[in-house]
Number of protein chains: 2
Amino acid sequence: MNEHLTISDNDAIAEQSPSAREQEVLSVVLDLMVEEGDGFSMASVARRASCSKETLYRWYGDRDGLLTATVQWQASKVAMPILDDTNLTLSAFSRTLRDFASSWLTVLTSDVSIALNRLAVSHAGNNKSSLGRIVLENGPYAMRTRLLPIFLKGQKAELIDVRGDEAFRLFFGLVIADVQIRALLGDEKKPTRNEIQEFAQKAVDQFLSLCGKQQNQ
Amino acid sequence: MNEHLTISDNDAIAEQSPSAREQEVLSVVLDLMVEEGDGFSMASVARRASCSKETLYRWYGDRDGLLTATVQWQASKVAMPILDDTNLTLSAFSRTLRDFASSWLTVLTSDVSIALNRLAVSHAGNNKSSLGRIVLENGPYAMRTRLLPIFLKGQKAELIDVRGDEAFRLFFGLVIADVQIRALLGDEKKPTRNEIQEFAQKAVDQFLSLCGKQQNQ
DNA sequence: ATAGAACCGTACCGTACGGTACTGCAATGT
DNA sequence: ACATTGCAGTACCGTACGGTACGGTTCTAT
């Protein structure tokens, strides 16, 4: 956890970005998560990261702390793709949504995301270990937070007409559908790059068709 | 595993329905799954089911066998709701879909289903233990198998126009959306009975609006 | 009535892993 | 040069759990 008890800035805001060495460790954890799921041991982390278990425990307190730090680090890496809001044309709006959907699907079907979500799901059962909450906040909730302003702009430009909540739920369903749960359950048949493109395009078309202002409703 | 090595009908087809005593055991496992997730021990099962660990191992081989038997038993309990296909009106078709969606959402948000899916998701990571596959087959795949003939009838009656695959994906997305993954990640805010009704109705309306023959497309 | 199987309860074993303690080394600051 | 500090590496400890063994009891079949 935060900068190794340097005399200067302890407590403070916490949540500092991890040092290079720490990132090595967290990266190892991420790899092991992908390879072995939740089953990896602290010893295996120490071995592969060439550090001592004692160091792991000094930095992260316990296993759960290490997992939490890893999850938060990974979450912090997903950049917030800001949308330029000057262009209000339907085609630009549609393109933005399509790119977002495509990127979303790509992330969700990546090995790291699958491993992370599996971990969070299994830890959400056992109380303790706020991993589920963290992934929830950095997954669905974060996507919601990113999408709502986009929808709002679309609404302002009279391109769509729908309440924010419903817009998110609808968009989520159309884009993700059964892709994520199937991936989590180990379905080998993951969508290809092309299929993701098609899914994204189709989902956006359907989204606009359902709550767009152009024709129906 | 199957009838305790009675001299008569061993091997045969396997997969016999469990005896009353076995169902007691499996029911205990289900309860423990809901309470403690994957963390429960074989000893706790034996204790609560008032049986010996030795019996558990004789019947199910190992822990994974017990989990598998439990999952399969639970899956076998979900009845296949057959649709009467004489009525081909749009309203009857819509009502059938709505009831299906509503029932689906209710099941997915139940404690047992959440616990079961959590278990399957976490075991899908660790190789071994075909639990993920089993839940996949009895979850999404089974739903698909049940829905496809319904869609086909709707298509025959010229109520909808869409390929079966796409119809399922679309229907799944519109109905489930982010409900399941949020539940799996431990989101406390589960939809109420009323919200489920609304979700189901709205999803069916959207589904028919998107691929129905009445107006657009 | 009696043999045999199933089974409960419990004690037991091996192992794996989370967490701690200790030793030595290497870097840093004075 | 020397003390201090952080860390790698390893040995160690306690515990929890999967799996097995065994004694005693109940049920079943002949």
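Chain letters run A, B, ... following the sequence lines, proteins first and then strands; every chain starts at 1. We use all heavy atoms of the structure for the numbers below, so side chains are in, but hydrogens, waters and symmetry mates are not.
Comparing A:Ser50 and B:Gly39 along DNA chain D, the residue whose closest nucleotide (by nearest heavy atom) sits nearer the 5' end is A:Ser50. Comparing A:Ser52 and A:Ser41 by the nucleotide of DNA chain C that holds the closest heavy atom to each, the one mapping nearer the 5' end is A:Ser41.
Residue A:Lys53 has its side chain nearest to C:dG18 when only D:dG19, D:dA8, C:dG18 are considered.
In terms of heavy atoms, B:Phe151 sits closest to B:Ala167 at CD1-CB, 3.6 Å.
At the phosphate of D:dC27, neither OP1 nor OP2 sits under 4.0 Å from any side-chain N or O atom of B:Arg21. In this model, the phosphate group of D:dC7 is not approached by any side-chain N or O of A:Thr55 to a distance below 4.0 Å at OP1 or OP2.
What separates OH of B:Tyr57 from P of C:dC13 is a distance of 17 Å, to the nearest Å. Computed from coordinates, the B:Phe40 CZ to D:dA16 C1' distance equals 15 Å when rounded to whole Å. Atom CG of A:Asp62 and atom P of D:dG14 are 20 Å apart (whole Å). The CG-C1' distance, from A:Leu32 to C:dG18, rounds to 16 Å in whole Å. Atom OH in B:Tyr60 sits about 17 Å away from atom C1' in D:dG18, given to the nearest Å. B:Leu67 has its CG atom 12 Å from the C1' atom of D:dG18, to the nearest Å. What separates CZ of A:Arg63 from P of C:dT20 is a distance of 15 Å, to the nearest Å. The distance from atom CE of B:Met42 to atom P of D:dA21 is 15 Å, rounded to the nearest whole Å.
With respect to A:Asp187 and A:Lys189, no salt bridge is recorded, no charged nitrogen being found less than 4.0 Å from a carboxylate O.
Using cut-offs of 30° and 60° on the angle between ring planes, the pair B:Trp104 and B:Phe171 is parallel.
A donor-acceptor contact under 3.5 angstrom links the side-chain atoms of A:Glu54 to the base of C:dC22.
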Point to revise | side chain to side chain donor-acceptor pair (under 3.5 Å) between B:Asp99 and B:Ser103, worked out | key: CA-CA 6 Å; B:Asp99 292 347; B:Ser103 147; over 6 Å; no

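In this structure a side-chain-to-backbone donor-acceptor pair under 3.5 Å is present from A:Ser52 to A:Thr55.
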